[in-house]
Asks: 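Input: one structure, supplied below.
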Amino acid sequence: MLDQRLVRDNPDLIANELGRRGMTLDLTGLQLIAQQQRNLEEQRSSLQAEGNRIGKEVGQRIQQGSDPKASDVTELRQQGNLIKQKVAVLEDEEKQLSARLREQLLSFPNLPSPDCPEGRDENDNQERHRWGKPREGKDLLEHWAIAERLKLFETERSVRIAQSRFVTLMGQGARLERALINFMLDLHTSKGYREVMPPVLVNTASLTGSGQLPKFAEESFRCAEDDLWLTPTAEVPVTSLHRDEIIPADQLPLRYAAYSPCFRREAGSYGRDTRGLIRLHQFNKVELYWFVHPDHSQAAHAQITADAEAVLQALELPYRVIELCTGDLGFSSSRTFDLEVWLPGAGAFREISSCSICGDFQARRSAIRTKDEKGTRLIHTLNGSGLAVGRTMAALLETGQQSDGSVLLPKTLVPYFGNDRLEPE
RNA sequence: GGAGAGGUGGCCGAGUGGUCGAAGGCGCAGCACUGGAAAUGCUGUAUAGGGGCAACUCUAUCGAGGGUUCGAAUCCCUCCCUCUCCGCCA
């Protein structure tokens, strides 16, 4: 959420910055609302001050022995009553304005960082660097074909169990998924990340706090009876881990590595990535998340990205780093690096991690602050996938595929998987 | 799911209509004392939003929302949550 003072005092800045994201908006109406709201607040609070004075006066007189029914006391009470009525009217109006203001503010995405490159859409994203040598070849299979041979998961039967876009991992497939989750968590915790396994049903406040609501309700699965939603990413529960908290500055940064299944409707992606592990309603992900002092978030962004890259490097998976342009930025992010892994079978790079700095955007929505000698300030949050597990498996299958039908695994994974390769059963 | 108890500041805990943002204690910070420390003493120590260069000041907040009243942490209503016992259960 953006600072409402910004709406009041500098709406042009918001319009300009959101314009970089490709939005056109006129904030004069909202600015008026914000100013009216403050106006009413001033009137209301000075009336309340008057009312408080009268209340005290009445109390004092009665305690000093005045007859509660004496005319001077009755007079004061009437004044008090009058003020109460006026306050009620103002308060009502003020609440309405505040609600409208907040509603609007919640629907605005974050302002892009000055460092974020200008652009309309994904075509304007900028490649930053590459790592590893992509495997290329004519007869390389896509991961779903490899998986089919090795019987790693059930697709058709999963429709019976749930729906399309669900997968049931089986045998070596299930084992590899488990190995990957363990490997990723071990790698991150060895660098000081605290491991988290959060609830995957989250309430509306949590989803609002990290920015998924109110705008993207149609992207999440919902348990309507309970005001609970299936979390689309561990970013949501982890943000709310510290919602409404003030974290002492000397405890920052807090760095978490959270494993969770993630649930997304993938609305509007009909026909895309229909086979395999790339786009599912349910997938596993290890998420890195930082709560950081506002002065240190820039460096943290580089670090969290490097920590995500370290997973790909350890798994010997070639990738490239793409910086998203302003037009392709996610809702809560002010600057994002995507990691795209090379899929030899598909012959393409595919997003496998997204490392974002959200500044105080989520912290303001979630009321997460820090305190030091200088006062209380909103903290900054960062998140990055480390990594999406299903897509990692896809990359491993395509990268390690052998002509004999087996799949060679990187050596770091051997102790976790218990074998150096996947073999036909 | 049934029965009961309860939700107050970082924590414990007092407060059942009047000057209460809230006693007391713990914790924390500063100062004093000390060679240094402990102990002790003094002072300070919530959040949000207004106004002010600032000192400071106003308003709101005692689970949430409504109500009664000149005045509510305290009384009334609704909701939420927590705990204990029983039931159920991995």
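Quick caveat, the model's predicted, so the values are computed rather than measured.
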Asks: Out of G50(B), C70(B), U47(B), which has the shortest distance to the side chain of Arg369(A)?
Replies: U47(B)
Asks: Using purine N1 to pyrimidine N3 plus N6-O4 or O6-N4 for Watson-Crick, or N1-O2 and O6-N3 for G-U wobble, both under 3.5 Å, which nucleotide pairs with C20(B)?
Replies: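 Answer to the pairing question: none, since C20(B) forms no Watson-Crick or G-U pair.
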Asks: In whole angstroms, how far is the P atom of A48(B) from the CG atom of Leu378(A)?
Replies: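 In whole Å, A48(B) P lies 8 Å from Leu378(A) CG.
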Asks: If you only use heavy atoms from C-beta on, which nucleotide in U59(B), C70(B), U19(B) is closest to the side chain of Gln60(A)?
Replies: U19(B)
Asks: Atom CD of Glu245(A) to atom P of A46(B): distance rounded to whole Å?
Replies: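 One finds 18 Å between P of A46(B) and CD of Glu245(A), rounded.
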Asks: Would Arg264(A) and Glu266(A) pass as an ion pair if we require N to O under 4.0 Å?
Replies: no
Asks: Arg44(A) or Gln4(A): which one's nearest nucleotide on RNA chain B is closer to the 5' end?
Replies: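 Nearer the 5' end of the strand: Gln4(A).
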Asks: Are more than 12 heavy atoms, taken from residues, nucleotides or ligands other than Glu218(A), located less than 6.0 Å from that residue's CD atom?
Replies: yes
Asks: Is there a Watson-Crick or G-U wobble partner for C42(B) with both distances under 3.5 Å, and which nucleotide is it?
Replies: G30(B)
Asks: For the P atoms, the ones on C77(B) and on U19(B), what distance do you get once it is rounded to whole angstrom?
Replies: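 About 25 Å, rounded to a whole number of Å.
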Asks: Looking for any heavy atom pair under 4.0 Å, which part of the strands does Arg5(A) touch: base, sugar-phosphate only, or nothing?
Replies: sugar-phosphate
Asks: Can you tell me, in whole Å, how much space there is between the P of C28(B) and that of C11(B)?
Replies: 15 Å
Asks: Looking only at side-chain N and O atoms, does Lys95(A) come under 4.0 Å of OP1 or OP2 in G66(B)?
Replies: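 Answer yes for this pair, as a side-chain N or O of Lys95(A) is under 4.0 Å from OP1 or OP2.
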Asks: So what does Thr376(A) touch, heavy atoms closer than 4.0 Å: a base, only the sugar-phosphate, or nothing?
Replies: sugar-phosphate
Asks: From A46(B), G51(B), U59(B), pick the nucleotide closest to the side chain of Lys371(A)?
Replies: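 Nearest to the side-chain atoms of Lys371(A), counting from C-beta on, is A46(B).
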Asks: Could you check which nucleotide pairs with A5(B) in any of the strands shown, counting Watson-Crick or G-U wobble with both distances under 3.5 Å?
Replies: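 Checking every strand shown, A5(B) finds its partner in U82(B), with both distances under 3.5 Å.
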Asks: Rounded to whole angstrom, note down the P distance from C88(B) over to U16(B).
Replies: 42 Å
Asks: Can you check whether Pro232(A) reaches Gln212(A) side chain to side chain, under 4.5 Å on heavy atoms?
Replies: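 Touching, per the 4.5 Å side-chain cut-off.
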Asks: Are the aromatic ring centres of Phe337(A) and His301(A) under 6.0 angstrom apart?
Replies: yes
Asks: Mapping Glu42(A) and Gly59(A) onto RNA chain B by nearest heavy atom, which one lands closer to the 5' end?
Replies: Gly59(A)
Asks: Using the P atom in both, what is the distance from U59(B) to A22(B), to the nearest Å?
Replies: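 Approximately 12 Å lies between the P atom of U59(B) and that of A22(B).
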Asks: With a 4.0 Å cut-off, would you call Lys411(A) and Asp420(A) a salt bridge?
Replies: no
Asks: Paired with G35(B): which nucleotide, if any, by Watson-Crick or G-U wobble criteria at under 3.5 Å for both distances?
Replies: none
Asks: Can you tell me how far C1' in A64(B) sits from the matching atom in C81(B), rounded to whole Å?
Replies: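 Comparing C1' positions in A64(B) and C81(B) gives a spacing of 10 Å.
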Asks: For Gln48(A), which contact category applies under a 4.0 Å heavy-atom criterion: base, sugar-phosphate, or nothing?
Replies: sugar-phosphate
Asks: Tell me which nucleotide, if any, is Watson-Crick or G-U wobble paired with A73(B) when both distances must be under 3.5 Å.
Replies: none
Asks: If you check every side-chain atom of Ile246(A), which of U47(B), G50(B), U69(B) has the closest atom?
Replies: U47(B)
Asks: Using the side-chain heavy atoms of Glu41(A), tell me which of these nucleotides is nearest: U69(B), U59(B), G49(B).
Replies: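 Selected nucleotide: G49(B).
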Asks: Show the numbers, then the answer: is there a side chain to side chain donor-acceptor pair (under 3.5 Å) between Glu323(A) and Asn125(A)?
Replies: CA-CA 6 Å; Glu323(A) 172 154 17; Asn125(A) 292 343; over 6 Å; no
Asks: Can you tell me the distance, in whole Å, between the CD atom of Gln43(A) and the C1' atom of A60(B)?
Replies: 17 Å
Asks: Identify whether any heavy atom of Arg8(A) sits under 4.0 Å from a base atom; if not, whether one sits that close to sugar-phosphate; answer base, sugar-phosphate or nothing.
Replies: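 Sugar-phosphate only.
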Asks: Step through it carefully: locate the ring centre of Phe417(A), locate the ring centre of Phe183(A), and say whether they are under 6.0 Å apart.
Replies: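 That pair fails the under 6.0 Å test.
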Asks: Quick one: which of C58(B), A46(B), C70(B) gets closest to the side chain of Val58(A)?
Replies: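 Among the listed nucleotides, the one closest to the side chain of Val58(A) is C70(B).
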Asks: Would you please indicate yes or no on a ring centroid separation below 6.0 angstrom for His242(A) and Tyr256(A)?
Replies: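 Yes, they do, as the ring centres are separated by less than 6.0 Å.
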Asks: Is G87(B) paired to anything, Watson-Crick or G-U wobble with both distances less than 3.5 Å, and if yes, which nucleotide?
Replies: none
Asks: Within the 4.0 Å heavy-atom criterion, would you say Ile62(A) contacts the bases, only the backbone, or no part of the nucleic acid?
Replies: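 Base, at least one base heavy atom under 4.0 Å.
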Asks: Any strand is fair game: report the nucleotide pairing with C53(B) by Watson-Crick or G-U wobble, both distances under 3.5 Å, or none.
Replies: none
Asks: Give me the distance, rounded to whole Å, that separates A23(B) from A38(B) when you measure between the P atoms they each carry.
Replies: 27 Å
Asks: Please give, in whole Å, the distance from G51(B) C1' to Leu47(A) CG?
Replies: 16 Å
Asks: Partner lookup for U59(B), please. Criteria are Watson-Crick or G-U wobble with both distances under 3.5 angstrom; report none if nothing qualifies.
Replies: A48(B)
Asks: Between G49(B) and G35(B), how many Å separate the two P atoms, rounded to a whole number?
Replies: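 G49(B) and G35(B) have their P atoms separated by 48 Å.
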Asks: Ignoring backbone atoms, establish whether Asn52(A) has a side-chain N or O less than 4.0 Å from OP1 or OP2 of A60(B).
Replies: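 Yes, within the criterion.
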Asks: Using the C1' atom as the reference point in each nucleotide, state the distance between G10(B) and C75(B) in Å, no decimals.
Replies: 31 Å
Asks: Report the nucleotide, chosen from U19(B), C70(B), G50(B), that has the shortest atom-to-atom distance to any side-chain atom of Lys56(A).
Replies: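 Selected nucleotide (nearest to the side chain): U19(B).
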Asks: Using a cut-off of less than 4.0 Å, is there contact between a side-chain N or O of Arg38(A) and OP1 or OP2 of G51(B)?
Replies: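 Answer is yes, contact under 4.0 Å.
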